Amino acid sequence: MGGVREVDAVVVGAGFAGLYMLHRLRAGGWSAQGFEAGGGVGGTWYWNRYPGARCDVESVEYSYKFDEDLQQEWEWAERYASQPEILRYLEHVADRFDLRRDIQFDTRVESAHVDERANRWVVRTDDGATTSARFVIMATGCLSAANLPSLPGLDRFAGDVLHTGQWPHEQVDFTGRRVGVVGTGSSGIQSIPVIAEQAEALVVFQRTPNYSVPARNRRLDPDEVAAVKAGYAELREANQLMPTGFGSRTPMPVKPALEADEDERRREFEARWERGGFGFLAAFLDLTLDRAANDTAAEFVRDKIRATVKDPLLADRLAPTQVIGCKRLCIDTGYFETYNQAHVRLVDINVSPIVEVTGTGVRTSEGDISLDCLVFATGFDAMTGALLRMDIRGVGGQPLQEAWAAGPRTYLGLGVPGFPNLFVITGPGSPSVLTNMVVSIEHHVEWITDLLEHVRTTGVDRIEATSDAADEWVAYVNAIAGMTLFPTCNSWYLGANVPGKPRIFMPLPGFPPYVEHCAHVAANGYKGFALTASTG
Ligand code: FAD
Ligand code: NAP
């Protein structure tokens with residue numbers, strides 16, 4: 001090929017974030033090149049094709065709001081859309097706004113190095129090409145770097161090995177097969193009931209039991225959709241004011257849990273259990289803030305598990321003990337019921353640890369389990385994984401891995417000191433995964449778009465988060481997180497799921513104050529960023 005392609009901006013990733021970023025760049029008159037490792041658009045919804053995959057924020061809210069015609073014309077079929085439906089939606093968005101022509105698919109960005117003298121980024125891709133850009137925007141996703149545990153002997157296993165986050169495009173048929181699933185987070189809890197419907201035998205390897213609330217998924221009634229569409233602007237606006245960026249249609253909590261008596265609490269939890277979904281954790285004002293309040297919700301769910309799972313010993317093993325909501329709450333369809341089926345078995349790996357994978361299955365401390373297929377629902381190297389798997393080098397050639405050796409250090413989750421003109425969408429230190437991510441993504445894309453416009457009109461050509469601003473920001477995020485119950489368990493929010501990862505609480509709880517903060521920064525000349533104009 002030869003030559004270096006020159007553009008204003010490189011956008012890495014073509015999920016919800018990359019697509020909207022490309023759209024806004026084009027609208028702003030910037031030339032942009034998108035790169036996407038996958039063979040199509042969709043990001044999360046391109047990769048996570050496992051059986052049962054669907055959103056856990058309701059479809060009518062888990063969608064873009066930036067274009068009125070788009071939100072009016074798209075018809076969501078289910079309360080919680082399935083992966084194929086969300087992928088179709090994102091493909092529709094790509095076509096509708098003619099975005100594919102700016103994206104190079106099946107192309108992984110391997111490195112991005114700043115060239116300080118030219119004030120440009122040199123981006124290298126795995127097709128051997130080089131692109132030079134003024135700005136790099138990482139839309140690489142919080143949950144896109146699969147975490148596959150290095151179990152001894154895994155390479156010897158003769159059966160199929162699958163990861164939920166890298167699911168094959170061809171239909172996987174489990175009929176007549178003995179399947180092992182490792183992991184009981186959201187992906188495991190969604191896929192286990194569906195795999196159980198097909199498999200001859202299903203063995204679930206559980207390290208930590210998880211709380212799950214019924215989804216009560218259903219087809220959407222056209223009248224309900226029409227009502228949402230008639231008031232879409234108001235719904236979107238109301239969601240902007242929610243701490244999580246969604247759920248404004250759910251009844252609001254009115255009091256702390258312990259101010260209600262036992263009967264009232266039970267009634268409230270029961271009503272929300274029947275309604276299904278995340279609204280369960282909004283039953284009272286303090287469920288994510290106060291341990292005693294949280295215990296009341298946790299015990300309610302444990303009671304439900306005991307009432308559902310017929311074998312009391314099994315029910316006990318499936319009953320979580322950590323704070324509810326500390327790990328992301330799961331939303332399921334028939335998860336606990338699955339364990340009443342004779343062909344489904346739970347292996348608690350705290351009681352019977354996995355010793356190794358053999359050619360024909362898994363050897364635990366209690367014996368061999370024969371399997372034809374191993375499904376890893378073991379999650380992601382979240383929030384930092386996709387970034388740190390690239391060779392990103394900033395000022396003085398410093399690798400991002402070195403800059404973040406003690407944990408990610410950003411300002412607003414958007415800018416990184418030492419890495420000028422590079423922006424991260426929903427980076428660590430932003431509300432990201434604690435929100436409806438589409439809402440957070442739209443906010444970041446629009447904030448970055450405004451910043452680029454500011455750069456253009458002021459003649460600034462280098463913008464970099466200052467070290468002091470980043471230090472203060474990291475301390476702020478930790479202080480806010482410390483006021484909640486989030487840091488009390490070993491979650492991926494803390495990096496605790498990946499051996500050796502620094503233990504830092506990465507997302508910032510609370511969307512509306514964050515939005516205010518970002519607006520304040522912009523209104524004050526991008527306070528906390530150093531803006532410089534070259535003289536040459
Ligand atoms: P992604 O969709 O992850 O896209 C990032 C893209 O970047 C990927 O396609 C990846 O291939 C590409 N990429 C990464 N590195 C490189 C590289 N070096 N070179 C080239 N390309 C690269 N959030 C919610 O708010 N509600 C939900 O209901 C919800 N459900 C989820 C269900 C599942 C199964 C998962 C895994 C996540 C879910 N999430 C949910 C979070 C979800 O990740 C976000 O909602 C959203 O889809 C993220 O969009 P994104 O564009 O930021 O990142
Ligand atoms: P996850 O929540 O990190 O769960 C991974 C599971 O694998 C956990 O049970 C974990 O146990 C287990 N595990 C990890 N490493 C292991 C090992 N070495 N040995 C045994 N078990 C191991 O990952 P996920 O389920 O893919 O979900 C990640 C996030 O993606 C979710 O929290 C959510 O934000 C999003 N998501 C959403 C949905 C949805 O409902 N819309 C569906 C899927 C994913 P420990 O708990 O002990 O670490």
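As the structure lists them, so they are numbered: ligands from 1, and atoms in each ligand from 1. Fair warning: this is a prediction, and the values are worked out from it, not measured in the lab.
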Looking at [X], which atoms of ligand 1 are within less than 4.0 Å of one of its heavy atoms?
X	value
Ala139	5 (C), 6 (C), 7 (O)
Cys55	28 (O)
Thr107	20 (C)
Gly13	6 (C), 7 (O), 12 (C)
Asp56	26 (N), 27 (C), 28 (O), 29 (C)
Ser144	3 (O)
Trp47	8 (C), 9 (O), 10 (C), 11 (O)

Point to revise | Contact check, Val12 vs ligand 1, heavy-atom distance below 4.0 Å | key: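 The answer is yes: ligand 1 sits under 4.0 Å from a heavy atom of Val12.
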Review point. Thinking salt bridges, do Asp8 and Arg134 make one under a 4.0 Å N-O criterion?
Key: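 Here Asp8 does not pair with Arg134 in a salt bridge, since their nearest N and O are not under 4.0 Å apart.
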Nearest atoms (heavy-atom pairs only) where [X] meets [Y]:
X	Y	answer
Leu162	Phe174	CD1-CZ, 4.2 Å
Gly413	His444	O-CE1, 4.3 Å
Leu494	Cys489	CD1-O, 3.1 Å
Thr338	Ile192	CG2-CG2, 4.1 Å

Quick one: does [X] get within less than 4.0 Å of ligand 2, heavy atoms only?
X	result
Phe278	no
Ile331	no
Arg54	yes

Any non-hydrogen side-chain atom of [X] less than 4.5 Å from a side-chain atom of [Y]?
X	Y	result
Thr44	Met437	no
Glu337	Pro193	no
Cys142	Phe380	no

Per-residue contact class, [X] against ligand 1 - non-hydrogen pairs under 4.0 Å:
X	value
Thr435	backbone
Tyr46	neither
Cys142	neither
Tyr80	neither
Glu36	both
Thr125	neither

With [atom] as the reference point, say which of [options] has the nearest heavy atom.
atom	options	answer
atom 38 (C) of ligand 1	Asn48, Val57, Thr44, Leu387	Thr44
atom 5 (C) of ligand 1	Asp126, Val439, Thr140, Thr426	Thr140
atom 22 (C) of ligand 2	Lys327, Arg328, Arg207, His163	Arg207
atom 32 (C) of ligand 1	Phe105, Trp45, Phe278	Trp45
atom 45 (P) of ligand 2	Thr208, Asn350, Val181	Thr208
atom 6 (C) of ligand 2	Ala377, Ser186, Ser187	Ala377

Please write down residue, atom name and distance for the protein heavy atom closest to [atom].
atom	answer
atom 51 (O) of ligand 1	Ala17 N, 2.9 Å
atom 18 (N) of ligand 2	Pro149 CB, 3.3 Å
atom 34 (C) of ligand 1	Tyr50 OH, 3.4 Å
atom 12 (C) of ligand 2	Gly183 CA, 3.7 Å
atom 23 (O) of ligand 2	Gly379 CA, 3.1 Å
atom 4 (O) of ligand 2	Gly185 CA, 3.5 Å
atom 18 (N) of ligand 1	Val109 O, 3.0 Å
atom 26 (N) of ligand 1	Tyr62 CE1, 3.2 Å
atom 32 (O) of ligand 2	Trp492 NE1, 3.0 Å
atom 4 (O) of ligand 1	Gly43 CA, 3.5 Å
atom 30 (O) of ligand 2	Leu143 CD1, 3.5 Å
atom 20 (C) of ligand 1	Ala37 N, 3.3 Å

Exercise for review: Give yes if a backbone or side-chain nitrogen or oxygen of Thr184 is under 3.5 Å from a nitrogen or oxygen of ligand 2, and no if not.
Suggested key: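 The answer is yes, given that Thr184 and ligand 2 share an N or O pair closer than 3.5 Å.
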Review point. For Gln190 and ligand 2, does the shortest N/O to N/O distance drop below 3.5 Å?
Key: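 Min N/O separation from ligand 2 is below 3.5 Å for Gln190.
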Point to revise | Arg363 and Thr358: CA distance, side-chain angles, deciding distance, side-chain hydrogen bond (donor to acceptor under 3.5 Å, both in side chains) verdict | key: CA-CA 7 Å; Arg363 179 164 300 144; Thr358 65; 5.2 Å; no
Check your understanding: Taking both backbone and side-chain atoms of Met390, is any N or O found less than 3.5 Å from an N or O belonging to ligand 1?
Key ->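 There is no such contact.
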Practice item. Could you go through the salt bridge (charged side-chain N to carboxylate O under 4.0 Å, His left out) check for Arg124 and Glu110 one step at a time? Key: CA-CA 6 Å; Arg124 293 201 172 80; Glu110 291 186 327; over 6 Å; no
Exercise for review: Fit a plane to each ring of Trp167 and Tyr50, take the angle between them on a 0 to 90° scale, and name the class: parallel (under 30°), tilted (30 to 60°) or perpendicular (over 60°).
Suggested key: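 Because their plane-to-plane angle is over 60°, the rings of Trp167 and Tyr50 count as perpendicular.
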Exercise for review: If the plane angle is over 60° it's perpendicular, under 30° parallel, otherwise tilted; pick one for Tyr514 and His443.
Suggested key: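 Rings of Tyr514 and His443: perpendicular, over 60°.
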Examine the proximity of ligand 2 to [X] and report which part, side chain or backbone, both or neither, has a heavy atom under 4.0 Å away.
X	answer
Phe380	side chain
Tyr50	side chain
Ile349	side chain

**Study point:** Test item: side-chain donor near acceptor, Tyr20 and Glu442, under 3.5 Å
**Key:**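 Side-chain D/A pair, Tyr20 to Glu442: absent.
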Point to revise | Candidate list Arg54, Arg218, Arg219, Arg216, test salt bridge (Lys or Arg N to Asp or Glu O under 4.0 Å), partner Glu78, passing option | key: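 Single salt bridge (Lys or Arg N to Asp or Glu O under 4.0 Å) partner of Glu78 among Arg54, Arg218, Arg219, Arg216: Arg54.
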Review point. Of the options Tyr232, Tyr62, Tyr89, which is the one that meets Trp74 in a ring-ring contact (aromatic ring centres under 6.0 Å, His included)?
Key: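 For Trp74, the ring-ring contact (aromatic ring centres under 6.0 Å, His included) test succeeds with only one of Tyr232, Tyr62, Tyr89, which is Tyr89.
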Review point. Do Thr125 and Thr107 pass the side-chain hydrogen bond (donor to acceptor under 3.5 Å, both in side chains) test, and can you show the C-alpha distance, the side-chain angles, and the key distance before you say yes or no?
Key: CA-CA 6 Å; Thr125 40; Thr107 307; over 6 Å; no
